[in-house]
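Please read the structure below before turning to the comments.
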Amino acid sequence: MRRASRRTRGRKTVRLAETHRFPQSLAEISGVFVQKNPAQLRKTVKSSNVSTSSNTLFLHTGADPTRRSENLEGVIESIGTGNDGAASLLVIARYNNNLPSHHDVGRLWHGPFDIRSIHRSKGSEADYVIVVDVVQDLRGFPSTIEDDPVLALVMPEPESYEYAEERRLLYVSLTRARVACHLITPLQEPSLFAVELLEQEHGVAVGPQHLETVRCPLCGSGVLTSSSRDGGTHRSNSPYCIFRSPKCDICDQRLHATSLNPIHFGCVNHSNRNFTPCPKCKWGILIERRGRHGEFFGCSNYAVTGCTGKATSGYRTRRF
């Protein structure tokens, strides 16, 4: 049975059935993934280990970004009999501060293991590889941290393909594994790379089989997520993007997205309040404003994104 997948404008959605087709080799998956960039050198990626032609990729989609030790433990448990004391393990992260401690890995893995950042992992191999931070965040895969402008003076002209270098770095991660590679991605902030891999049927979802991302309308590189601090909908690549969800015009509470297709907002303090999405940007809400020609209803994002969406003729707001 094939997995069902669909696309909707402004976001990507992946839906997977319970039955998966036979997994592709990691060599095949990684080769297709990195060469999505049309500027990438064309090459055929083959595994030098003939006995591992059934290499597989697993995406652990139920991860909680606040519980890194538990995420790692769950992945190692899923490896099962592979953790027999003879097999090796390589744990990789995009940045050093995302890596687990040697103590955490040592108490779970019975055989030899190593812990490295992605840049230090080049040239290394292991039977099993775990990438712990496949999250759409500043310090994840793909990283949304912008380079220092000074570097532009000495570096070649930047590539036009989105996240081209980050794509190559994840390719390096995938190709470190001789048997299987496991990517840890949270359901709340799934990496755009994880969504792409599952949408293209590259890899098997372990956990919830539904991933969804909504791009930030201001910067385009971050994704919109729910904030545990104020309950609103924010972007993942803070502080490089200043976008925030609209506020309730009654209590000034930051709003959260209650649905995405079409988008609707809710307020935790006024559950029956009706907020009308901006007809232009689809993300702001229509609020009462005063201009040169009197009162009108315009987009709440005007001060942030410059959106000039307005209410259609005869529009009326409704307060509860």
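Computed from a prediction, not measured in an experiment: that's the story for all the values here. Sequence positions, counted from 1, serve as the residue numbers for this chain. Just so you know, these numbers use all the heavy atoms, side chains as well, and skip hydrogens, waters and symmetry mates.
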Using every non-hydrogen atom in the two residues, find where [X] and [Y] come nearest and quote the distance to one decimal.
{"X": "S121", "Y": "V172", "result": "OG-CG1, 4.1 Å"}
{"X": "K247", "Y": "L255", "result": "C-CG, 4.0 Å"}
{"X": "G203", "Y": "L198", "result": "O-CD2, 3.9 Å"}
{"X": "E166", "Y": "G140", "result": "OE1-O, 4.1 Å"}
{"X": "V131", "Y": "C181", "result": "CG2-SG, 4.3 Å"}
{"X": "V134", "Y": "A194", "result": "CG1-CB, 4.2 Å"}

Do [X] and [Y] come within less than 4.5 Å of each other through their side chains, counting heavy atoms only?
{"X": "L174", "Y": "L183", "answer": "yes"}
{"X": "V32", "Y": "Q200", "answer": "no"}
{"X": "V91", "Y": "F113", "answer": "no"}

Partners of [X] by ring pair (Phe, Tyr, Trp, His ring centres under 6.0 Å), sequence neighbours excluded?
{"X": "F193", "answer": "F33"}
{"X": "H60", "answer": "H182"}
{"X": "Y302", "answer": "none"}

[X] [atom1] to [Y] [atom2] distance, which is reported to the nearest 0.5 Å:
{"X": "D133", "Y": "L99", "atom1": "CG", "atom2": "CG", "answer": "7.5 Å"}
{"X": "C299", "Y": "R289", "atom1": "SG", "atom2": "CZ", "answer": "7.5 Å"}
{"X": "F265", "Y": "S300", "atom1": "CZ", "atom2": "OG", "answer": "7.0 Å"}
{"X": "S124", "Y": "L90", "atom1": "OG", "atom2": "CG", "answer": "6.0 Å"}
{"X": "R167", "Y": "L192", "atom1": "CZ", "atom2": "CG", "answer": "9.5 Å"}
{"X": "K310", "Y": "L286", "atom1": "NZ", "atom2": "CG", "answer": "11.5 Å"}

Quick one: list whatever passes side-chain hydrogen bond (donor to acceptor under 3.5 Å, both in side chains) with [X], sequence neighbours left out.
{"X": "E295", "result": "R290"}
{"X": "S117", "result": "none"}
{"X": "R176", "result": "none"}
{"X": "K280", "result": "T308"}

Residues in side chain to side chain contact (heavy atoms under 4.5 Å, CB included) contact with Y95, at least two apart in sequence or another chain: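 Checked Y95 against side chain to side chain contact (heavy atoms under 4.5 Å, CB included); matches are N97, N98, R139, S143, I145.
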Practice item. Please check if L59 and V135 belong to a single hydrophobic cluster, counting links between Ile, Leu, Val, Met, Phe, Trp and Tyr side chain heavy atoms closer than 4.5 Å. Key: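 L59 and V135: separate clusters.
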Would you say V195 ends up clustered with L170 if hydrophobic residues are merged whenever their side chains have heavy atoms under 4.5 Å apart, either directly or through other cluster members?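 Same hydrophobic cluster.
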Going by salt bridge (Lys or Arg N to Asp or Glu O under 4.0 Å), name the residues that satisfy it together with [X], two or more places apart in sequence or in a different chain.
{"X": "R68", "answer": "none"}
{"X": "R107", "answer": "D104"}
{"X": "E70", "answer": "R67"}

Pair V105-I130, side chain to side chain contact (heavy atoms under 4.5 Å, CB included): steps then yes or no | CA-CA 11 Å; V105 178; I130 299 175; over 6 Å; no
Distance-only donor-acceptor pairs under 3.5 Å for side chains of residues 78-89, two or more places apart:
| unit_1 | atom_1 | unit_2 | atom_2 | d |
| --- | --- | --- | --- | --- |
| S78 | OG | V75 | O | 2.5 |
| N83 | OD1 | H110 | N | 2.9 |
| N83 | ND2 | L108 | O | 3.0 |
| D84 | OD1 | A86 | N | 2.9 |
| D84 | OD1 | A87 | N | 3.2 |
| S88 | OG | D127 | N | 3.0 |
| S88 | OG | D127 | OD2 | 3.3 |
| S88 | OG | R178 | NH2 | 3.2 |

